Protein chains: 2
Amino acid sequence: MAKQNTVFKDAFNRCLGLLENSDSLASEPELGNQLGVSRTTIRAILTRLEEIGLIEWSKRRKAVLRKPSAEDYFPTEETDSLSEIIERSFMRRILAGGAEPGMQINELELAREIGTGTTSVREFLIRFSRFGLIEKRPNSHWVLKGFTPEFALELTEVREMFELRSAAAFAHLPDDHPAWNELDAIAALHREILADVDNRYREFSELDEKFHLLVHQASRNRFIVDFYDIIAIVFHYHYQWNKTNARQRNARAMEEHLVYIEALQSRDPAKIEGACRQHLKSARETLLQSIN
Amino acid sequence: MAKQNTVFKDAFNRCLGLLENSDSLASEPELGNQLGVSRTTIRAILTRLEEIGLIEWSKRRKAVLRKPSAEDYFPTEETDSLSEIIERSFMRRILAGGAEPGMQINELELAREIGTGTTSVREFLIRFSRFGLIEKRPNSHWVLKGFTPEFALELTEVREMFELRSAAAFAHLPDDHPAWNELDAIAALHREILADVDNRYREFSELDEKFHLLVHQASRNRFIVDFYDIIAIVFHYHYQWNKTNARQRNARAMEEHLVYIEALQSRDPAKIEGACRQHLKSARETLLQSIN
DNA sequence: AATCTGTCTATTGTAGATAAAAGACAGAAG
DNA sequence: CTTCTGTCTTTTATCTACAATAGACAGATT
């Protein structure tokens, strides 16, 4: 196949969601906006909805005939884009599996194992190389540099520089900047999760990413914001496969976040720097501990 | 063609160089090391050398029959790798040509204009995207964010953070670290060029890159070192197409470098910070001036 | 015993082809 | 006259194929 129709399938599934609570659908351009896809894809979705008897479609009329059932949805495995599949598969190999630093990475072999063409793997590796974990030998293979303590130290060194600066900039955002409201919402969510931490500590990972990204964005510097991608992906995958003490670790981090957030809200530079440093220090320690 | 044989042509040309001052060639593996290519390529080179009557080749014997002449060399246009060609072509379009921020970038069109396949253009754009000048709309085009004053300010902000830290780290390198010798050599070259600045000011660009890279490497942080790529490419191409006051600008920068280098050699943190800040400040001003 | 050459295989870099998705435009419907 | 639909064209994402290049191995040479 030249191209997977995952965009179609994913949008189709989301369209079934829209269909649950309504007895007709909006216009094609409007649907396109709602689902974030082009009209071409919308029309493919409408065609299929009609085929499986979910709607009656004639020009502007899109009447819902019945509610969607579980079988109407495409299975979730089919809605992931190829690059997501490659990313997951690759990250599992290098973080979970016993991948030695210095190991060669073979495009062809990777492609065969994942069951995809080499082009996609190549493009993934090129995109991934900016994370500093792999390196290309021109006209030859890639070399895995490995998820080592050195990597973690270099990563956190830059992270700390960037986050301290961003946090300081946060205090100078104008009072009517939307970031303040988002910060309040994030603080509230922290308290909510902490109140039921035993059951909800798994939600921390996503919350953590959202909070730190918000802080980094205050720098108004694309390089600082982009760099946060690297941190996010490392934490995301690393914790996904390393769950020792997750509950306790997350609870502690959330407490620190709350102190950090209050400091931001106070707009007091010294207080902000202190809280930020404290949190970054323990984040670094946690990361380093979990590597060895 | 599936693959250009630019590696062969470039290595061949360099091999002619080796051949100029010697009447026989080393063994195949040894030549491979000297030219940085595989034995397969070496044997292709030897075959051609024999064909055009430059050597007599039989097993270990590779006797030089005559000195290479100008026609023996491949033209330089044919020795550039495809990615270099694409990079130059693209940079010319966005830096020299009137490329508006927000403009769409079309892979197919770019490929046609450069006369290459889309795969190579795609891969180039992916690699290039880390420089923060373009951005991808998934399943759709790339958007040019433009070489704007904002870009320059964001770039220099991070650069200053990184270089100040690297310069400070430089002072703590052990006395027997090779960087000290390289620094001396770079200082000497500065003085040499300054002594004949009217004729040699064009050599500054390369020297500048070498010096700052040396400083950044003292950080021993892959993210800091890698970031210097962005600065290098921006300065490299930007100055290539913007030559107003080049002589004066370069002379001033070299003077500043010498002060900066002396500060590094003194290992005095305060002095280093001062000289570094001074130089970065005028580098930023120069860059900003040349954008508007 | 070490290094070299002859030969063979495997992998990378790039072009070209094709289905999926985006998007343009004219005429239809409100 | 604005927004929609029908239709068509263009572009992107991905696969496959193949020449260039790297690299492996056994036997030859020093």
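Fair warning: this is a prediction, and the values are worked out from it, not measured in the lab. The figures that follow rest on heavy atoms only: side chains count, while hydrogens, waters and symmetry mates do not. Each chain gets a letter, A, B and so on, in the order its sequence line appears, and its residues count up from 1.
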*Asks:* Do the side chain of B:Lys3 and the base of C:dT12 come within less than 3.5 angstrom through a donor-acceptor pair of N or O atoms?
*Replies:*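 Yes.
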*Asks:* Heavy atoms, side chains only, cut-off 4.5 Å: are A:Phe128 and A:Ile94 in contact?
*Replies:*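 They are in contact (side-chain heavy atoms under 4.5 Å apart), so the answer is yes.
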*Asks:* Is the phosphate of C:dG23 approached by B:His141 (side-chain N or O, under 4.0 Å from OP1 or OP2)?
*Replies:*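 B:His141 to C:dG23 OP1/OP2: side-chain N or O found under 4.0 Å.
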*Asks:* If we only count heavy atoms from C-beta on, is the A:Thr6 to A:Thr79 side-chain gap below 4.5 Å?
*Replies:*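 The answer is no; the side chains never approach within 4.5 Å.
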*Asks:* With a 4.0 Å limit, can you tell me whether B:Asn5 has a side-chain N or O closer than that to the phosphate oxygens OP1/OP2 of C:dG13?
*Replies:*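 For C:dG13, OP1/OP2 do not have a side-chain N/O of B:Asn5 under 4.0 Å.
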*Asks:* Over how many whole Å does the gap from A:Leu31 atom CG to D:dT3 atom C1' extend?
*Replies:*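 These atoms are roughly 14 Å apart.
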*Asks:* Grab the N/O contacts between the protein and nucleotides 25-30 of chain D below 3.5 Å, and write none if there aren't any.
*Replies:*
none

*Asks:* Counting C-beta onward and ignoring hydrogens, is there a side-chain heavy-atom pair between A:Phe90 and A:Ile85 closer than 4.5 Å?
*Replies:*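 A side-chain contact is absent here, since even the closest heavy-atom pair is not under 4.5 Å.
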*Asks:* CD of A:Glu150 to CD1 of A:Ile291: how many Å apart, nearest 0.5 Å?
*Replies:*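 Here the interatomic distance stands at 9.0 Å.
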*Asks:* Are B:Arg130 and B:Asp229 close enough, and set up right, to give a salt bridge (charged side-chain N to carboxylate O under 4.0 Å, His left out), and what steps lead you there?
*Replies:* CA-CA 10 Å; B:Arg130 81 187 194 84; B:Asp229 283 355; 3.0 Å; yes
*Asks:* Could you pick out which residue, A:Gln4 or B:Ser58, lies toward the 5' side of DNA chain C when each is mapped onto its nearest nucleotide?
*Replies:*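 Its nearest nucleotide lies further toward 5', so the answer is B:Ser58.
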*Asks:* Please give, in whole Å, the distance from C:dT14 C1' to B:Glu107 CD?
*Replies:*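 About 15 Å, once rounded to whole Å.
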*Asks:* Hey, is the main chain of A:His212 close enough, under 3.5 Å, to the side chain of A:His216 for a donor-acceptor pair?
*Replies:*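 The answer is yes, because a donor-acceptor pair under 3.5 Å joins these two groups.
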*Asks:* Between the base of C:dA22 and the side chain of A:Thr40, is there any donor-acceptor pair under 3.5 Å?
*Replies:*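 Side chain to base: pair found, below 3.5 Å.
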*Asks:* Tell me the interatomic distance from A:Glu28, atom CD, to C:dA21, atom C1', rounded to whole angstroms.
*Replies:*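 About 15 Å, once rounded to whole Å.
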*Asks:* So A:Lys210 and A:Glu206, do their side chains get closer than 4.5 Å, heavy atoms only?
*Replies:*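 Counting from C-beta outward, A:Glu206 and A:Lys210 never come under 4.5 Å.
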*Asks:* At a heavy-atom distance below 4.0 Å, what parts of residues 128-135 of chain B sit against DNA chain C?
*Replies:*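 Correct list: empty, so none.
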*Asks:* Check every strand shown and say whether A:Lys136 touches a base, only sugar-phosphate, or nothing at a heavy-atom separation below 4.0 Å.
*Replies:*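 Sugar-phosphate only.
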*Asks:* Give a yes or no on whether the backbone of B:Leu46 and the side-chain of B:Lys62 come within a donor-acceptor separation of less than 3.5 Å.
*Replies:*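 No; judged by distance alone, with no hydrogens or angles, the pair does not exist.
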*Asks:* Considering residues at least two apart in sequence or located in another chain, which fulfil the side-chain hydrogen bond (donor to acceptor under 3.5 Å, both in side chains) criterion with B:Arg66?
*Replies:*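 In terms of side-chain hydrogen bond (donor to acceptor under 3.5 Å, both in side chains), with neighbours along the sequence ignored, B:Arg66 is linked to B:Asp72.
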*Asks:* So which one's nearest nucleotide on DNA chain D is more toward 5', A:Pro138 or B:Asn139?
*Replies:*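 Its nearest nucleotide lies further toward 5', so the answer is B:Asn139.
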*Asks:* Just to confirm, is there a sub-4.0 Å distance from OP1 or OP2 of C:dC4 to any side-chain nitrogen or oxygen of B:Ser27?
*Replies:*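 Yes, such a contact exists.
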*Asks:* Please list, in numerical order, the residues of residues 111-124 of chain A that have a heavy atom closer than 4.0 Å to any atom of DNA chain C.
*Replies:*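 A:Arg112, A:Arg122, in order of number.
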*Asks:* Pick out which of B:Phe227, B:Phe223, B:Phe162 makes a ring-ring contact (aromatic ring centres under 6.0 Å, His included) with A:Phe227.
*Replies:*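 Filter result, single survivor: B:Phe223.
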*Asks:* Once salt bridge (charged side-chain N to carboxylate O under 4.0 Å, His left out) is applied, do any residues pair with B:Asp23, and if so which ones, sequence neighbours excluded?
*Replies:*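 In terms of salt bridge (charged side-chain N to carboxylate O under 4.0 Å, His left out), with neighbours along the sequence ignored, B:Asp23 is linked to no residue.
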*Asks:* For DNA chain C, what residues of residues 73-84 of chain A have any heavy atom nearer than 4.0 Å?
*Replies:*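 None, since no heavy atom is under 4.0 Å.
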*Asks:* Taking the six-membered ring of B:Phe12 (Phe, Tyr or Trp), confirm whether the NZ or CZ of B:Arg48 is under 6.0 Å from its centre and within 45° of its axis.
*Replies:*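 Ring-cation test returns yes.
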*Asks:* Report which part of the nucleic acid B:Lys62 touches: base, sugar-phosphate, or nothing (heavy-atom distance under 4.0 Å, all strands).
*Replies:*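 If one applies the 4.0 Å heavy-atom cut-off, B:Lys62 turns out to touch the sugar-phosphate alone, with no base involved.
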*Asks:* Is B:Ser140 near enough to C:dA21 that one of its side-chain N or O atoms lies under 4.0 angstrom from OP1 or OP2?
*Replies:*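 For C:dA21, OP1/OP2 do not have a side-chain N/O of B:Ser140 under 4.0 Å.
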*Asks:* With heavy atoms under 4.0 Å as the rule, sort B:Glu30 into base, sugar-phosphate or nothing.
*Replies:*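 No contact.
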*Asks:* Starting at the 5' end of DNA chain D, which residue's closest nucleotide do you reach first, B:Ile105 or A:Gln104?
*Replies:*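 In this pair, the answer is B:Ile105.
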*Asks:* Let me know the distance between CD1 of A:Ile86 and C1' of D:dC15, rounded to the nearest Å.
*Replies:*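 The distance from CD1 of A:Ile86 to C1' of D:dC15 comes to 12 Å, rounded to the nearest Å.
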*Asks:* When you measure from the side chain of A:Asn106 to the backbone of A:Glu109, do you find a donor-acceptor pair of N or O atoms at a distance under 3.5 Å?
*Replies:*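 It does hold such a pair.
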*Asks:* Give the intermediate values and the outcome of side-chain hydrogen bond (donor to acceptor under 3.5 Å, both in side chains) for residues B:Glu87 and B:Tyr237.
*Replies:* CA-CA 10 Å; B:Glu87 179 185 300; B:Tyr237 283 105; 2.6 Å; yes
*Asks:* Mind checking A:Glu109 for me? I need base, sugar-phosphate or nothing, with any heavy atom below 4.0 Å counting as a touch.
*Replies:*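 Touches nothing.
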*Asks:* I need the CZ-C1' distance between B:Arg48 and D:dA20, as an integer number of Å.
*Replies:*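 These atoms are roughly 16 Å apart.
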*Asks:* I need the CZ-C1' distance between B:Arg137 and C:dA22, as an integer number of Å.
*Replies:*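 Checked: the CZ to C1' distance equals 14 Å.
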*Asks:* With a sphere of 6.0 Å drawn around CZ of B:Arg222, does it hold more than 12 non-hydrogen atoms of other residues, nucleotides or ligands?
*Replies:*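 Buried by this count: over 12 neighbours within 6.0 Å.
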*Asks:* Tell me if a side-chain donor or acceptor on A:Glu28 pairs with a main-chain N or O of A:Arg39 at a distance below 3.5 Å.
*Replies:*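 No; zero donor-acceptor contacts below 3.5 Å.
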*Asks:* Atom CG of A:Asp10 to atom P of C:dA20: distance rounded to whole Å?
*Replies:*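 The distance from CG of A:Asp10 to P of C:dA20 comes to 16 Å, rounded to the nearest Å.
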*Asks:* Write down the distance between CZ (B:Arg43) and P (D:dG23), rounded to a whole number of angstrom.
*Replies:*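 Rounded to whole Å, this separation is 16 Å.
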*Asks:* Is B:Asn106 near enough to D:dT12 that one of its side-chain N or O atoms lies under 4.0 angstrom from OP1 or OP2?
*Replies:*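 Checking B:Asn106 against D:dT12: at least one side-chain N or O falls below 4.0 Å of OP1 or OP2.
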*Asks:* Starting from the 5' end of DNA chain C, give me the residue, A:Val37 or B:Arg61, whose nearest nucleotide shows up first.
*Replies:*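 Per heavy-atom nearest nucleotide, the more 5' residue is B:Arg61.
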